[in-house]
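Note on naming: letters A, B, ... go to the chains in the order of the sequence lines (proteins, then strands), and numbering restarts at 1 for each one. Heavy atoms only: backbone and side chains are in, while hydrogens, waters and symmetry mates are out.
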Amino acid sequence: MAIGRNPIVVEHIRKTRMTELLSKGNRLSGRGLLEYRPIKIETGLIEKASGSAKVSIGNSQVIAGVKVEMGTPFPDTPNQGLLVVNTEVLPISSRYAEPGPPSEDAIELARVVDRGIRESKMIDLQKLCLIPGKKVLAVFIDVSVLDIDGNLFDTISYACTAALATAKIVQYEVSGEEIKASEEKIPLPVKTIPISITMARIHDALIVDPDLEEEAVMDARLTLATDSDGNICAGQKGCPGGFTVEQIMQAKDIAIEKGKENRELLKKMTGIA
Amino acid sequence: MAIGRNPIVVEHIRKTRMTELLSKGNRLSGRGLLEYRPIKIETGLIEKASGSAKVSIGNSQVIAGVKVEMGTPFPDTPNQGLLVVNTEVLPISSRYAEPGPPSEDAIELARVVDRGIRESKMIDLQKLCLIPGKKVLAVFIDVSVLDIDGNLFDTISYACTAALATAKIVQYEVSGEEIKASEEKIPLPVKTIPISITMARIHDALIVDPDLEEEAVMDARLTLATDSDGNICAGQKGCPGGFTVEQIMQAKDIAIEKGKENRELLKKMTGIA
Amino acid sequence: MAIGRNPIVVEHIRKTRMTELLSKGNRLSGRGLLEYRPIKIETGLIEKASGSAKVSIGNSQVIAGVKVEMGTPFPDTPNQGLLVVNTEVLPISSRYAEPGPPSEDAIELARVVDRGIRESKMIDLQKLCLIPGKKVLAVFIDVSVLDIDGNLFDTISYACTAALATAKIVQYEVSGEEIKASEEKIPLPVKTIPISITMARIHDALIVDPDLEEEAVMDARLTLATDSDGNICAGQKGCPGGFTVEQIMQAKDIAIEKGKENRELLKKMTGIA
Amino acid sequence: MTTLINEEGLRVDGRRIDQLRPFKLEVGVLRNADGSAYIEMGKNKIVAAVYGPKEVHPKHQTLPDKCLLRCRYHMSPFSTDTRKNPAPSRREIEISKILREALEPALILGDYPRTAIDVYIEVLQSDGGSRCASLTAAALALADAGINMRDLVVACAAGKIEGKIVLDLNDAEDKEGEADVPVAIMPNLNQVTLLQLDGTVTREEFKTAFELALQGCKTLYDAQRATLITKYFGKAEPPQQEAQESQESQEE
Amino acid sequence: MTTLINEEGLRVDGRRIDQLRPFKLEVGVLRNADGSAYIEMGKNKIVAAVYGPKEVHPKHQTLPDKCLLRCRYHMSPFSTDTRKNPAPSRREIEISKILREALEPALILGDYPRTAIDVYIEVLQSDGGSRCASLTAAALALADAGINMRDLVVACAAGKIEGKIVLDLNDAEDKEGEADVPVAIMPNLNQVTLLQLDGTVTREEFKTAFELALQGCKTLYDAQRATLITKYFGKAEPPQQEAQESQESQEE
Amino acid sequence: MTTLINEEGLRVDGRRIDQLRPFKLEVGVLRNADGSAYIEMGKNKIVAAVYGPKEVHPKHQTLPDKCLLRCRYHMSPFSTDTRKNPAPSRREIEISKILREALEPALILGDYPRTAIDVYIEVLQSDGGSRCASLTAAALALADAGINMRDLVVACAAGKIEGKIVLDLNDAEDKEGEADVPVAIMPNLNQVTLLQLDGTVTREEFKTAFELALQGCKTLYDAQRATLITKYFGKAEPPQQEAQESQESQEE
């Protein structure tokens, strides 16, 4: 279920119309079933962050910022740096987003995005280790949601990926127990570019990038992320509805193909190799 | 006042009947005034815990688990290990138990059980000290309440005692500042077996082990714990009612005598010496 | 806006009367516009604190206590001790003060008082440093509000100032990395005595020390603190109303002049030089 | 560990084993509260305030047939040797509960259906026995608020130090002693409304301690009554003086 | 790192790659709950309880046309290798949400307008796949509570360890393996109601893992049904035995 | 400590002592909000959104005779030099309160009884003077939402660095300077609606700083008006350009 879904009542007539159109392969907005809304990516606007990206998909709009701090590794992974993804659905973003502790929806959002980045091994955490068991770099990616018009999963995910891929961090030189910050700024150790594709089922139709109206009537949601090699690296089904086994297989293929497209787009817009 | 008491309305007729019976020395359930419901104790079901016990008294049912961690001693007791008792009245246990932070009742429960164990000196905390002022063992006893039918004080208390008495912990060898875990597992340093006896006053009658219906009408509650030597080692009066001075003296004798009985039962059921 | 203001409805007739009187330079209580209610200051009643003061202005009554602990300095001020002001508006103080986390009003109160002390440089924080970057003294000033009758800003502020000015703390001797508590007790390193003056605008009148009734009808509030040299060292405008530029200039002069008066009073009552 | 009882049988603060600490009672110490009281008991300095009977918030807590009694025991951060975190601890939550349950039998709550009474206790300085002193003050504050009561409630602890049963433990005795037994009674109704036990005592010691605590309660009850009489009927002598004298004469 | 699959193709606990861990199902294990169930799946020990349909608190959450379904997945502090903080973690909050969404399609919530059903899951001991085992138990508890259902929900994970797709990962395999794919289905309605993926798999591996998980679900579904039949129609053989036999015969 | 004013009288960022930082104003930057605005002021990047007038939740906060104004000032975790914890700090709670009180006199709240207006301010990047920039943006967002207003509110700080009174402190000047005096006014009504002072100034310096801040407010007020005119009457030139020119011409 999308944030802000519950309170929205799409009038019955509009919903019937939506279903009719979908059965013919069309959407209310005129988009094709597998067509994304315009995607805009702007990087580097937050100078105080190591990396940042403002991403909009249609009217959904978020900003992600990357901060790097010194930290202590977890006891069971003494050679790995830390990665923390945190999402805040700000009250400015929708009349249904209240200030206060993160909702269940916001927690799911943050955790799914986190898994997409973590499990794809986008960032080589080993390279963020300075002194094994003692000092590592901790990478915080915070996302502020500014405007909600559906498909926050992908909007947030692209913002995190773009901010990480363009971040520049202080280089440290370690000799023994001594850590010295060099003048040099270097990129994060990026190994792959994960791209999530979020799909919705409305009656029998499978569409990508649902907008707020579509989220209000969708039966089920599926987000699948793929890495640069076209492997699937994270998945999350949501909403109180299901998919048939066949739809899951179809969704898997869509995720891989659309993922390739959007990855190229993201690379072009951020200027990364 | 017992958890789940407030919302229960025992019908007037049943209550009158209960009082009538009690005045003749009988209870609705057919039990004698100083008779416990069946007590069941099963230990060792949680393999991931150092010790564990599932205890039921009548239909009240709880599980206690013991975990041991490394910790730092309090500055004013540098030679003592730590002991923490925590009780959670799970929402599965009653339709009146809500999820969320522990209620006043749950906090009282945990603290009274904690005092029963701590003040009886059941565990020799000095023996849990590894390096004075620096490293000690911290023993956590967590209790999950699964089903509520009155007298949680004793049910939880017996579960903690049984879990602690049967726990096996890693043995540490200390030489200087170095701490080495040995292969050996050893019991906790148990010095005595505290047993709490909870009594209720309903009108002029004093009964032990009140069930949920009896808790719903009781005027006052008194829990007294005794150690293996028959000394009294913890006490707590509860409920918005009082006891006469004579009733307190009577309760003290009951606690010592029933305590002896239940201690033997617990020892037999857990197989401890 | 004062704590407890909202629920108080000063009857219309009383309010009209108040405004009429003020326009002639008089107040309901008979006080002059720039006249404080009686101020009482008693120090040293909390023997367990390093310093303490009970202050009442009219019927408003608070107690401040000073505790000193060892602490670690902030990384950006390695040579400075710590100063923490904390205010609790206790539920005993008013029928409108609820127990629970501090309200917005209580947070503003504590922060304004904190700034008055901190920015005046009353306490020489450099002198609270024991080992630069490692060990400093942390001074906690906690205020318990006992009874509310308006102008808590000044009541609390005077209590903090009096408690700090009369506190005696343990003297430490530092040699290398070793810190030794001496037998000697010494005063805190006090450099100046900040005094806040709180003013209210009701229609066109500017008054000092508003009582609860006056706070209930005031349009805007202004607190200005001055140090022993007559410099202004903290300011805070409150309430949903404004001041003209001319009123601000007038308020500045009042704060400096009344500040001098009340500083002499405080010095006399606490016996400090 | 220091010696808590010297060879002359005197305690660290010079008291005999059956002697109360100096104490002081006042009522009507706050202006906003409907009733209030202040107690000093050794180093304990505690103020109690009562608001009510009043409307119940939140409304769903309203009881149709009687008054809702609520109680909050709280310690100021400067009240303890090392600074206390101002957030309510589990200890404070438990004590709030047992104090409420110890006061409730004394109140005729059926006289005020659909309302609430709040008892707020603030420990400004704590010493051994702060829960007992709080109860003694809270009962006075309730009387000062004009709440209908069946009896006063008065509390005092006895304990065991160095093998001896003694009255009214102070901080040092509480920390280093072997047991503490706080007791509250409604003296005229012969009802024990609070009883706790921390530490270990034999069957006989329990009886001795309990009876000694009741004796302490009696002295404090006389002082409570004198305080109220002085406040409401203007008796000239300060009641705490009287109380201490009566106590001393009793002990000599 | 240890070897997770030996040269004979057996896993650390002796299982073949397509074999479930030993499991045990029970219903009606609690007295107060309207429905309850208990599952052991490897070292997982999980109890699920259902309360409802019942009045909605807080009232403003009431739905005019259907029942409000709520779900809480919680781990006891002693359930994990190192003690778990009892406050709900972000992980527990997320799992609670996806379990609720996985159960909801099976329930005919329109039959109970303006009421609530609470599903409480307590993990007493956790092992790999606790969310799947929780779902399987929760569906049983809902059936035990007599809630109108379209189908049962049953869940099982497959995963990838040392390059091989295997069924039903245990703790060690979950931690050191390359991917975990938990799946829940309503078997008769052919609806996948939970699907997650942690780790990296190729397009083909995804298909293989997904299908293997569905196969595990089928075995567990038979056991669910047998458990309910035994409870309500008194069939003599303990269902978990039957379940395991059917599974073994299937695998031989 | 670095030198904040060089021998030519220029500040660390090259400004003269009475010069504002470069700024930029926009309105209508968000789609869901009823009104919104964006400000850049030095490195400050702040977005303000207004929702309302709307129903009041929770209901008991409803005011019978006027609109309930609420305000939240919040900083994104990446907005500061070291990451900011996302939970609201005491500083943010205080600033939220004084911003609300600074905006309230400008709004005709009696026009919207029994409703609420929420003003949400998000600091995406913070620099010295973020509370003033927030106010300037919030007033624009309120106007953009079409709320009835008596006047705009505009804010600017002056301060003292190295003994000199200067306009509009940036981060470095705020941290190392001697005093900061944020001021907000309703220019047409001649009402000061926010005034704070951190640091120490003499009686004369206070007057000078206060008047300098008012001068900064005037420049920003012209820019606010131009921004609204451009948005609603389609004037061609981007207002922030105009604003900066007018400021520069004023200063030369």
Side-chain angles (χ1 to χ4, degrees), chain C residues 1 6 75-77 84-87 101-112 114-116 118-122 192 194 201 219-249 251-253 255-257 259, chain F residues 61 63 66 69-72 81-82 88-98 100-107 109 150-151 153 160 175-176 178-187 189-207 209-211 213-214 217:
Chain C
M1 186 182 302
N6 259 326
D76 52 341
T77 51
V84 179
V85 177
N86 176 55
T87 293
S103 69
E104 193 189 61
D105 288 335
I107 288 172
E108 187 192 19
L109 261 175
R111 285 181 54 84
V112 170
D114 181 290
R115 283 202 294 269
R118 188 181 304 280
E119 300 290 346
S120 73
K121 305 197 170 42
M122 175 179 183
T192 190
R201 176 175 73 77
D219 295 290
R221 194 197 68 233
L222 183 64
T223 300
L224 291 173
T226 54
D227 63 18
S228 295
D229 296 331
N231 293 326
I232 302 171
C233 60
Q236 179 94 343
K237 179 258 163 193
C239 289
F243 291 92
T244 63
V245 171
E246 298 68 36
Q247 283 164 340
I248 298 284
M249 287 303 125
K252 170 201 64 175
D253 296 330
I256 293 171
E257 281 140 44
Chain F
Q61 294 186 353
L63 303 176
K66 61 174 186 168
L69 180 67
R70 291 182 293 213
C71 183
R72 180 192 195 243
D81 284 324
T82 48
S89 65
R90 287 164 64 95
R91 175 181 171 277
E92 284 167 293
I93 293 171
E94 185 204 341
I95 292 181
S96 296
K97 179 179 191 286
I98 61 165
R100 186 188 71 228
E101 292 175 345
L103 291 168
E104 186 160 339
L107 302 175
L109 294 177
R150 294 186 178 88
D151 198 352
V153 176
K160 182 178 171 189
K175 240 165 243 156
E176 302 187 14
E178 292 107 73
D180 184 33
V181 186
V183 175
I185 52 160
M186 296 191 290
L189 299 178
N190 182 31
Q191 286 283 307
V192 176
T193 69
L194 180 144
L195 173 64
Q196 290 188 298
L197 189 151
D198 276 3
T200 301
V201 291
T202 65
R203 189 191 290 236
E204 294 68 34
E205 286 167 347
F206 178 79
K207 186 162 183 286
F210 183 66
E211 284 166 356
L214 290 181
C217 287

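- Side-chain contact between F:Leu195 and C:Phe243 is absent, with no heavy-atom pair separated by less than 4.5 Å.
- In the displayed structure, F:Lys207 atom NZ is contacted under 6.0 Å by at most 12 heavy atoms of other residues, nucleotides or ligands.
- Between C:Ile256 and F:Arg203, some side-chain heavy-atom pair lies under the 4.5 Å cut-off.
- Contact count versus chain C (heavy atoms, under 4.5 Å) is highest, among F:Gly199, F:Ala179, F:Ala184, F:Ser96, for F:Gly199.
- Residues F:Glu211 and C:Val245 are not in side-chain contact: their nearest non-hydrogen atoms beyond the backbone lie 4.5 Å or more apart.
- Using a 4.5 Å heavy-atom threshold, the side chains of F:Glu94 and C:Arg115 count as touching.
- Only the side chain of F:Leu214 comes within less than 4.5 Å of a heavy atom of chain C; its backbone N, CA, C and O stay farther away.
- Side chains of C:Arg221 and F:Glu101 form no contact here, defined as non-hydrogen atoms less than 4.5 Å apart.
- Only the side chain of C:Asp227 comes within less than 4.5 Å of a heavy atom of chain F; its backbone N, CA, C and O stay farther away.
- Between atom NZ of residue F:Lys97 and atom CG of residue C:Asp105 there is a gap of 5.0 Å, rounded to the nearest 0.5 Å.
- Paired with C:Cys233 under the rule side-chain contact (heavy atoms from CB on, under 4.5 Å), one option of F:Asp198, F:Thr200, F:Leu197 passes, and it is F:Thr200.
- Side-chain N or O atoms of C:Lys237 include one that pairs as donor or acceptor with a backbone N or O of F:Thr193 at under 3.5 Å.
- Rounded to the nearest 0.5 angstrom, F:Asp180 CG and C:Glu119 CD are separated by 9.5 Å.
- Only the side chain of C:Glu246 comes within contact range of chain F, with at least one heavy atom under 4.5 Å from a heavy atom of that chain.
- Residues meeting the side-chain hydrogen bond (donor to acceptor under 3.5 Å, both in side chains) test with F:Arg150, sequence neighbours left out: none.
- Note on F:Asn190, F:Val181, F:Leu69: by heavy-atom pairs under 4.5 Å with chain C, the leading option is F:Asn190.
- Listed options C:Gly242, C:Ala255, C:Gly235 were ranked by heavy-atom pairs under 4.5 angstrom with chain F; first place goes to C:Gly235.
- Residue contact with chain F, scored on non-hydrogen atoms closer than 4.5 Å, involves the backbone and the side chain of C:Ala234 alike.
- To the nearest 0.5 Å, atom NZ of residue F:Lys175 and atom CG of residue C:Asp76 are 8.0 Å apart.
- If you take CD on F:Gln196 and CZ on C:Arg111, they are separated by 8.5 Å, rounding to the nearest 0.5 Å.
- For F:Leu194, the part lying near chain C is the backbone, with the side chain staying farther off; criterion is any non-hydrogen pair under 4.5 Å.
- Scanning both residues, C:Ala110 and F:Arg90, for their nearest heavy atoms gives CB-NH2, 3.3 Å.
- Side chains of C:Glu108 and F:Ile98 form a contact here, defined as non-hydrogen atoms less than 4.5 Å apart.
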